[in-house]
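Reading through the structure tokens given below for one structure.
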Amino acid sequence: MTEPLDPGSLDVPKLQRRLADFAAARDWRQYHTPKNLVAALSVEASELVEIFQWLTPEESTRVMDDPGTAHRVTDEVADVLAYLLQLCEVLGVDPLAALDAKIDRNEFRFPAP
């Protein structure tokens, strides 16, 4: 069993390595194709949406006030991030560099008034 990382030492490559080790230990890497990972990512994102589906905008801003709901949100966020990081590793995408470049493009496309 892989030891959890110290929160102060968390970074994307370490988390990706931990996810890869987890999958390899269970012989799941064979299933981690881009198609399967994108599908799993979509399912997990939908499970996150489901939590908020019938909330009013005001209720949605207080969703973390209820410990049970907060736990569900946190778990689904983790699932979404896990599949996204695994997809990035399989495709060779640096997610932080991709985000940084996207913010640059958006700043150009949508200049502040």
Taking S46 for the side chain and S42 for the main chain, is one N or O donor matched with an acceptor at less than 3.5 Å? yes
Is there a donor-acceptor pair closer than 3.5 Å between any side-chain N or O of R72 and the backbone N or O of G68? no
So if you build clusters from Ile, Leu, Val, Met, Phe, Trp, Tyr with side-chain heavy-atom gaps below 4.5 Å, do V77 and V63 land together? yes
Which residues pass the side-chain contact (heavy atoms from CB on, under 4.5 Å) test with E44, not counting sequence neighbours? E47, E76, D79, V80, Y83
Group every Ile, Leu, Val, Met, Phe, Trp and Tyr by side-chain heavy-atom contacts under 4.5 Å, then state whether L41 and V49 land in the same group. no
Please name all residues satisfying side-chain contact (heavy atoms from CB on, under 4.5 Å) with A25, sequence neighbours left out, ordered by chain then number. none
L96: partners by side-chain contact (heavy atoms from CB on, under 4.5 Å), with sequence neighbours left out: V12, D94
Rounded to the nearest 0.5 Å, what separates atom CD in Q86 from atom CG in L81? 10.0 Å
Taken in chain and number order and not counting sequence neighbours, the residues that satisfy salt bridge (Lys or Arg N to Asp or Glu O under 4.0 Å) with R17 are D21
Point-to-point distance, once rounded to the nearest 0.5 Å, from CE of M64 to OG1 of T61: 12.5 Å
The complete set of side chain to side chain donor-acceptor pair (under 3.5 Å) pairs with one or both residues in residues 99-113, sequence neighbours excluded, reads none
Would you mind listing the cluster partners of L99? Hydrophobic ones only (ILVMFWY), side-chain contacts under 4.5 Å, chaining allowed. I103
With sequence neighbours excluded, residues passing side-chain hydrogen bond (donor to acceptor under 3.5 Å, both in side chains) with T69: D66
If you look only at pairs with a residue in residues 27-60, which of them pass as a ring-ring contact (aromatic ring centres under 6.0 Å, His included), with sequence neighbours excluded? F22-W28
In the hydrophobic clustering (ILVMFWY, side-chain contacts below 4.5 Å, transitive), which residues join F108, or is it alone? none
Closest non-hydrogen atom pair, Q16 against C88: NE2-CB, 3.9 Å
Is V38 reachable from V93 through a run of hydrophobic residues whose side-chain heavy atoms are each under 4.5 Å from the next? yes
Partner set under side-chain contact (heavy atoms from CB on, under 4.5 Å) for V90, not counting sequence neighbours: P34, L37
